[in-house]
Trainee: 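Have a look at the structure that comes next, please.
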Amino acid sequence: MRFFSTKDLRNRPGRFRRSLRDGDVVLTANGKPFALVVGVEEDEVEEMAALLRRARAQQAVSRMRRRAMARGEGLSGEEIEAEIHASRAERQTQG
């Protein structure tokens, strides 16, 4: 996986675009990753977006399960809903 700074993206957009042919690219700002860029074909944009949303939801569920196991307890329905709400709010502030 290649890493590109926002400065490199601004100064070398062609190089950035070519690097997507080799795989995904992580964008960085001040040396810290903040976005993952995934190359797509014109006809697969919606499908890829749906897959990424599904993967994020699965990641959130896995994170909730790990937290519950670490606490040595299961989550109630209300706690699960609160975790889902917090995860969605976090994504909205990032995007």
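For the numbers below, each heavy atom of this structure counts, side chains included, while hydrogens, waters and symmetry mates do not. Sequence positions, counted from 1, serve as the residue numbers for this chain.
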Trainee: Between NE2 of His85 and CZ of Arg88, what distance do you get to the nearest 0.5 Å?
Mentor: 9.5 Å
Trainee: What's the spacing between Leu9 CG and Phe4 CZ if we round to 0.5 Å?
Mentor: 7.5 Å
Trainee: Judged by atom type as modelled, is there a donor-acceptor pair below 3.5 Å linking the side chain of Ser19 to the main-chain atoms of Phe16?
Mentor: yes
Trainee: Specify the closest pair of heavy atoms between Pro13 and Asn11, including all atoms of both residues, with the distance to one decimal.
Mentor: CD-C, 3.5 Å
Trainee: Can you measure from OG (Ser5) to NZ (Lys32) and round to the nearest 0.5 angstrom?
Mentor: 15.5 Å
Trainee: Same hydrophobic cluster for Val26 and Leu20, using side-chain heavy-atom links shorter than 4.5 Å among ILVMFWY?
Mentor: no
Trainee: Would you mind writing out the side-chain donor-acceptor pairs for residues 37-63 within the sub-3.5 Å range, not counting sequence neighbours?
Mentor:
residue, atom, partner, partner atom, Å
Glu44, OE2, Glu41, N, 2.9
Ser62, OG, Gln58, O, 3.2

Trainee: How many angstroms lie between atom CZ of Phe34 and atom CG of Leu27, to the nearest 0.5 angstrom?
Mentor: 4.5 Å
Trainee: What are the two closest heavy atoms between Leu36 and Met1, and how far apart are they?
Mentor: CD1-SD, 3.9 Å
Trainee: Hey, are the side chains of Glu78 and Glu81 touching, using non-hydrogen atoms and a 4.5 Å cut-off?
Mentor: no
Trainee: Within the structure provided, determine whether Arg67 and Glu83 are in side-chain contact (heavy-atom separation under 4.5 Å).
Mentor: yes
